[in-house]
Amino acid sequence: MSTSDDLLRRAGIPVNHRECTLSEIPDELSYKNTLICYIDNMRENIQEGKGLYLWGEYGTGKTGAAAIIAKAALSKGIMPCWISAESIPSYMMEDIYFEDDVLMRDRIFTLEFL
């Protein structure tokens, strides 16, 4: 998956996770196959409203897995938006801008992949 720095920035993927790849996940970890299946069928999963719920102890690779999925979306022409759940209420109630003329709340509602 090769994506430009500008696309990675616009998607909000954290700088320290932009280099994460599926190949770095050991094959014996059961969730790797789940990621591969989700990515392989990403368009269908999105159309059906299917997502992934990532959970686990601190330092187990959740953020890296999310970055891999977001980069896969970009490589398929799907623009993701990386935001924390805690920030959503602020985006809904305050005028926080994504770009000069685009409010984050408006951007969130136009994305295929959040």
Side-chain angles (χ1 to χ4, degrees):
M1 287 179 271
S2 75
T3 53
S4 74
D5 287 337
D6 186 53
L7 277 178
L8 295 170
R9 181 193 58 76
R10 287 180 55 82
I13 299 170
V15 174
N16 58 330
H17 286 87
R18 291 181 184 173
E19 300 299 321
C20 293
T21 63
L22 273 171
S23 63
E24 294 173 323
I25 300 173
D27 291 338
E28 62 270 9
L29 293 179
S30 60
Y31 73 85
K32 182 175 184 174
N33 200 35
T34 301
L35 293 178
I36 292 169
C37 289
Y38 187 84
I39 289 167
D40 287 347
N41 300 293
M42 186 172 279
R43 284 242 174 246
E44 294 85 5
N45 287 326
I46 291 170
Q47 289 173 349
E48 294 172 11
K50 294 179 182 175
L52 291 174
Y53 180 72
L54 307 175
W55 77 95
E57 298 291 322
Y58 179 81
T60 57
K62 298 176 300 295
T63 305
I68 291 165
I69 295 165
K71 291 188 329 177
L74 284 170
S75 74
K76 295 174 182 289
I78 301 166
M79 179 52 96
C81 183
W82 186 292
I83 60 172
S84 66
E86 296 86 18
S87 63
I88 293 174
S90 296
Y91 294 150
M92 295 301 120
M93 299 180 347
E94 300 172 26
D95 288 344
I96 300 170
Y97 286 85
F98 168 70
E99 291 178 329
D100 290 342
D101 58 345
V102 179
L103 289 167
M104 278 300 293
R105 69 174 156 261
D106 295 335
R107 177 167 167 67
I108 288 170
F109 287 113
T110 61
L111 294 166
E112 290 182 90
F113 197 73
L114 181 62

Student: What closest approach, in Å, do Met42 and Ala72 show between heavy atoms, and which atom pair accounts for it?
Tutor: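 Heavy atoms only, the tightest pair is CE-CB, 4.1 Å.
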
Student: Can you hop from Ile36 to Tyr38 via hydrophobic side chains spaced under 4.5 Å?
Tutor: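 Yes; Tyr38 is reachable from Ile36 via cluster members.
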
Student: Could you report the tightest heavy-atom contact between Leu54 and Ala65, atom names first, then the distance?
Tutor: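 Taking Leu54 first and Ala65 second, the nearest heavy atoms are CD1-CB, 4.3 Å.
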
Student: Kindly determine whether Lys71 and His17 satisfy side-chain contact (heavy atoms from CB on, under 4.5 Å), including the steps that lead there.
Tutor: CA-CA 10 Å; Lys71 291 188 329 177; His17 286 87; over 6 Å; no

Student: Show your reasoning for whether side-chain contact (heavy atoms from CB on, under 4.5 Å) applies to Ile68 and Glu24.
Tutor: CA-CA 10 Å; Ile68 291 165; Glu24 294 173 323; 5.8 Å; no

Student: Counting only heavy atoms not in Lys76, do more than 12 fall under 6.0 Å of its NZ?
Tutor: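 Yes, the 6.0 Å shell around NZ holds more than 12 heavy atoms from other groups.
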
Student: Does the pair Phe98 and Asp106 meet the rule for a side-chain contact (heavy atoms from CB on, under 4.5 Å), with working shown?
Tutor: CA-CA 9 Å; Phe98 168 70; Asp106 295 335; over 6 Å; no

Student: With rounding to the nearest 0.5 Å, note down the distance linking CG in Leu35 to OG in Ser30.
Tutor: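 Nearest 0.5 Å value for the CG-OG distance: 10.0 Å.
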
Student: Examine Leu103 and Met92 and state if one hydrophobic cluster contains both, with Ile, Leu, Val, Met, Phe, Trp and Tyr joined whenever side-chain heavy atoms are less than 4.5 Å apart.
Tutor: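 No, no single cluster joins them.
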
Student: Determine, using the 4.5 Å side-chain heavy-atom cutoff (strictly less than), whether Met104 and Phe109 are members of one ILVMFWY cluster.
Tutor: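 Yes, it is one cluster - the side chains of Met104 and Phe109 are joined through contacts under 4.5 Å.
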
Student: How close do Ile78 and Arg43 get, counting heavy atoms only, and between which atoms?
Tutor: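 Scanning both residues completely, I find the closest heavy atoms to be CG1-NH2, 3.3 Å.
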
Student: At what distance, to the nearest 0.5 angstrom, does CG of Leu8 lie from CH2 of Trp82?
Tutor: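 These two atoms lie 11.0 Å from each other.
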
Student: In Å, rounded to the nearest 0.5 Å, how long is the span from CD1 of Ile39 to CG of Leu22?
Tutor: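 Rounded to the nearest 0.5 Å, the CD1-CG separation comes out at 4.5 Å.
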
Student: Taking atom CD of Gln47 and atom CG of Asn41, what is their separation to the nearest 0.5 Å?
Tutor: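 Going from CD on Gln47 over to CG on Asn41, the span is 11.0 Å.
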
Student: Check whether more than 12 heavy atoms from other residues, nucleotides or ligands sit under 6.0 Å from atom CD of Glu48, and answer yes or no.
Tutor: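 Yes, because the 6.0 Å sphere around CD of Glu48 holds more than 12 heavy atoms from other groups.
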
Student: I need the Ile88 CD1 to Ile83 CD1 distance, nearest 0.5 Å.
Tutor: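 Going from CD1 on Ile88 over to CD1 on Ile83, the span is 4.0 Å.
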
Student: If I compare all heavy atoms of Glu94 with all of Arg105, which pair ends up nearest, and what's the gap?
Tutor: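 Heavy-atom minimum between the residues: O-NH1, 2.8 Å.
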
Student: If I compare all heavy atoms of Ala67 with all of Ile13, which pair ends up nearest, and what's the gap?
Tutor: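 Where Ala67 meets Ile13 most closely, the heavy atoms are CB-CG2, 4.1 Å.
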
Student: Given 3.5 Å as the limit, does a donor-acceptor pair link the side chain of Lys62 with the main chain of Glu57, or not?
Tutor: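 Yes, the answer is positive, given that a donor and an acceptor are paired below the 3.5 Å cut-off.
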
Student: How many angstroms lie between atom CD1 of Ile108 and atom OG of Ser87, to the nearest 0.5 angstrom?
Tutor: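 Here the rounded value is 6.5 Å.
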
Student: Checking side-chain contact (heavy atoms from CB on, under 4.5 Å) for the pair Tyr31/Ile25: CA distance, chi angles, key distance, verdict?
Tutor: CA-CA 9 Å; Tyr31 73 85; Ile25 300 173; 4.0 Å; yes

Student: Which heavy atom of Asn45 sits nearest to which heavy atom of Cys37, and what is that distance?
Tutor: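 That closest heavy-atom pairing would be ND2-O, 4.2 Å.
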
